[in-house]
Amino acid sequence: MCSIMGFTSKTRTPDQFRPFFDKTKSRGPDDSRIEETPSGYLCFHRLAIMGLTPEGMQPFHLDGDLCVCNGELYGFRPLKEKLAEKYTFQSDSDCEIILPLYREYGLSMFSMLDAEFAMVIYDSKKDRYIAARDPIGIRPLFYGYDQGHIVFASEAKNLVGLVDQVFPFPPGHYYADGQFVRFADLTTVKAPCMDDLPAIYKNIREKLTAAVEKRLDADAPLGFLLSGGLDSSLVCAIAAKTLKKPIRTFAIGMDVDAIDLKYARQAAEYLGADHTEVYMTRQQVLDSLDEVIAMLGTYDITTIRASMGMYLCCKAIHERTDVRVLLTGEVSDELFGYKYTDFAPSPAAFQAEAKKRVDELYQYDVLRADRCISVNSLEARVPFGDLDFVRYVMAIDPAKKVNVYGKGKYLLRKAFEGGYLPDEILWREKAAFSDAVGHSMVDDLKAYAETVYTDEEFEEKRRSYGFAQPFTKESLLYREIFEKYYPGQAEMVRDFWMPNRDWAGCDVNDPSARVLSNYGGSGV
């Protein structure tokens, strides 16, 4: 990960805004630079992943144009080779191709990128600033207005106190000349794919394999988060098969009742991985609560619960290893279904829910992965968020994606039959990450919240919030901590991540799959 900021005016000096920029120094601990343009500033904290030499430091320059980018541009080498016929490159950094691409293709360049990115470009010929974000929002970007001038930043915390209101930059959009323009829409299906099941299995397998393979390209050491669930285990299995050498895997669980650690260990042993287990305690969870919410910039219950294990696992990786890049299993649930989507009343409802969830992922699971990893000076890569893979799975006939098979994510499981994973892993029931680290963790958080407020205090305090009103003592606790660090910024989060209450069986007051009637064997 890296951290970027872009100021489109000089209403503040570097000395004035440097403290705001340095709030995300952990995203890029290797080097820092602030460069002046004729009308503003571009700022960069570097985490060196591709092109580790000083020449890979940003901002990049080209005849007066400047660019800062937090991103990974997959398959950049063929583009670079073609551009090298006309442009001279100084580094091995993938992001150095951005300004030549902009020079050649203008604003249409963004739809050409197979990438996870957030960037700001300064166009010296037009004295204008262009910002853009990848189609899923895997890389973070926010904006706000300082004395009428737009400011861009990697995280909301860079902007709190600098602007009145913080806004998430919409994924799949670029900003230019005062307008936000959508350049990519992965979830609106114009022509559904009517492949038969064998073709679907083959395409899922080939496209996910390609997605993992391209994300193994790094000049810094790689690792893998392995929960023992289907998604992270598949990423690890594909990587192990591709690299043909032991991969480094990491799993975390509570010290008393970790559910997933045994499955992660089983998957790691099957793959011949160099496996590390991390244990966390009730006290660590409670002691980390403020830090985690300040890091995340959310009050969403699911996101906070699931971040506890991920944050503490990544903290251990940062402190104990030289790993700099982590592959993760996010995005699969939104594409193939959760436990609650078994209650979808129709294939059309399932598809609409998948579209909504993928479109909003940047505020929930993708945000969690980015913050937990980047605050520990690591980089996240998300194979299930691969653009080609997402487009394909979204286009599959939803009648084939709904759970009519008696097993969730059936298409994904069938696609990887044949030795990728033990059957006990490939076909095990889904367990939500925040539950799978140990049921006691969520129980501990809920029990702690009960000690903070009386019933009367809860009712009085929750009603003071007009937007996304807390509905449990746990959610009130999270909201009050959020307001300490992000006062008045609640609307930058759409709402609580909850099962679709309009569906029979899903009108619940807790986002945990444990409260659903079909949880079944997920918790064992």
Side-chain angles (χ1 to χ4, degrees), residues 1-3 24-31 45-53 56 70-72 74 92-94 116 138-139 211-229 231-253 260-261 264-265 267-269 271-280 284 288 292 295 306-330 366 368-385 433 437:
M1 296 299 180
C2 299
S3 179
T24 49
K25 187 74 166 66
S26 65
R27 296 187 71 91
D30 296 336
D31 202 355
H45 288 315
R46 185 187 190 195
L47 178 68
I49 300 297
M50 299 295 292
L52 305 183
T53 64
N70 168 28
E72 289 297 333
Y74 302 113
D92 293 325
S93 170
D94 50 331
E116 301 157 1
I138 288 171
R139 295 303 170 94
V212 173
E213 287 176 350
K214 71 178 72 166
R215 285 163 177 79
L216 300 177
D217 185 4
D219 296 330
L222 284 167
F224 298 80
L225 294 181
L226 177 58
S227 72
D231 308 323
S232 64
S233 297
L234 279 177
V235 170
C236 291
I238 295 166
K241 191 179 284 283
T242 300
L243 293 172
K244 296 181 173 61
K245 64 179 183 180
I247 61 172
R248 298 169 74 178
T249 56
F250 302 88
I252 190 166
D260 266 6
L261 280 181
R265 190 181 311 126
E269 289 174 355
L271 299 174
D274 176 3
H275 187 59
T276 299
E277 293 182 348
V278 180
Y279 290 86
M280 59 184 185
Q284 274 183 301
S288 301
V292 166
M295 165 194 79
S307 293
M308 288 297 174
M310 194 172 204
Y311 165 70
L312 290 169
C313 187
C314 293
K315 187 172 187 285
I317 294 168
H318 172 66
E319 292 172 350
R320 304 176 197 174
T321 79
D322 64 348
V323 167
R324 301 293 290 272
V325 179
L326 286 172
L327 272 71
T328 75
E330 276 75 29
V366 162
R368 165 177 56 82
D370 175 85
R371 302 304 190 278
C372 291
I373 290 173
S374 68
V375 78
N376 289 296
S377 301
L378 305 166
E379 173 171 294
R381 294 188 178 178
V382 188
F384 281 99
F433 183 51
V437 296

* Any side-chain heavy atom of Leu327 sitting closer than 4.5 Å to one from Val212? -> yes

* To do: Just do the side-chain contact (heavy atoms from CB on, under 4.5 Å) check on Glu330 and Asp370 with the steps written out, would you?
  => CA-CA 11 Å; Glu330 276 75 29; Asp370 175 85; over 6 Å; no

* To do: Taking Asn376 for its side chain and His318 for its backbone only, find out whether a donor-acceptor pair lies under 3.5 Å.
  => no

* **Shortest non-hydrogen contact between Ala211 and Pro383, atoms and distance** => CB-O, 3.4 Å

* Asked: Any side-chain heavy-atom pair from Glu116 and Arg215 closer than 4.5 angstrom?
  -> yes

* Any side-chain heavy-atom pair from Arg27 and His45 closer than 4.5 angstrom? -> no

* Asked: Can you list the steps and then say if Met295 with Val292 is a side-chain contact (heavy atoms from CB on, under 4.5 Å)?
  -> CA-CA 5 Å; Met295 165 194 79; Val292 166; 4.0 Å; yes

* Asked: If every non-hydrogen atom of Phe250 is compared with every non-hydrogen atom of Cys313, which pair is closest and at what distance?
  -> CB-SG, 4.0 Å

* Euclidean distance, Ser227 OG relative to Met310 CE, rounded to 0.5 Å -> 9.5 Å

* **CG-NZ distance between Leu378 and Lys315, expressed to the nearest 0.5 angstrom** => 12.5 Å

* Between Cys314 and Leu326, what is the shortest heavy-atom contact and its length? -> SG-CD1, 3.9 Å

* Close side-chain approach of Asp94 to Ile49, heavy-atom, < 4.5 Å -> no

* Asked: Would you say Ser26's side chain and Ser377's backbone share a donor-acceptor pair under 3.5 angstrom?
  -> no

* Inter-residue atom distance His275.NE2 - Thr249.OG1, 0.5 Å rounding -> 5.0 Å

* **Within-4.5 Å side-chain heavy-atom neighbours: Val382 and Val366** => no

* Determine, step by step, whether Ile317 and Val278 satisfy the side-chain contact (heavy atoms from CB on, under 4.5 Å) criterion, reporting the C-alpha distance in whole Å, the side-chain angles of both residues, the deciding distance to 0.1 Å, and the verdict. => CA-CA 9 Å; Ile317 294 168; Val278 180; 5.9 Å; no

* State, yes or no, whether a side-chain contact exists between Pro29 and Leu47 at a heavy-atom distance under 4.5 Å. => yes

* **Check against side-chain contact (heavy atoms from CB on, under 4.5 Å), Ser232 and Thr328** => CA-CA 6 Å; Ser232 64; Thr328 75; over 6 Å; no

* Asked: Hey, are Tyr74 and Glu72 close enough side-chain-wise for a donor-acceptor pair under 3.5 Å?
  -> no

* Should Asp217 and Arg381 count as an ion pair when the cut-off is N to O under 4.0 Å? -> no

* Could you tell me whether a side-chain N or O of Thr242 sits under 3.5 Å from a main-chain N or O of Glu213, the two making a donor and an acceptor? => no

* Closest non-hydrogen atom pair, Ala380 against Arg139 -> O-NH2, 3.6 Å

* Euclidean distance, Thr24 OG1 relative to Asn70 CG, rounded to 0.5 Å -> 9.5 Å

* **Heavy-atom pair with the smallest gap, counting every atom of Arg248 and Asp322** => NH1-OD1, 2.7 Å

* Asked: Can you check whether Val375 reaches Tyr311 side chain to side chain, under 4.5 Å on heavy atoms?
  -> yes

* **Reported SG-to-CG distance for the pair Cys372 and Leu225, which is rounded to 0.5 angstrom** => 9.5 Å

* **Closest heavy-atom pair and its distance - Arg368, Ser307** => CG-OG, 3.2 Å

* Thr276 side, atom OG1; Leu226 side, atom CG - distance, nearest 0.5 Å -> 11.0 Å

* Measure the shortest side-chain to side-chain distance between Met308 and Val437 over non-hydrogen atoms and say whether it is less than 4.5 angstrom. => no

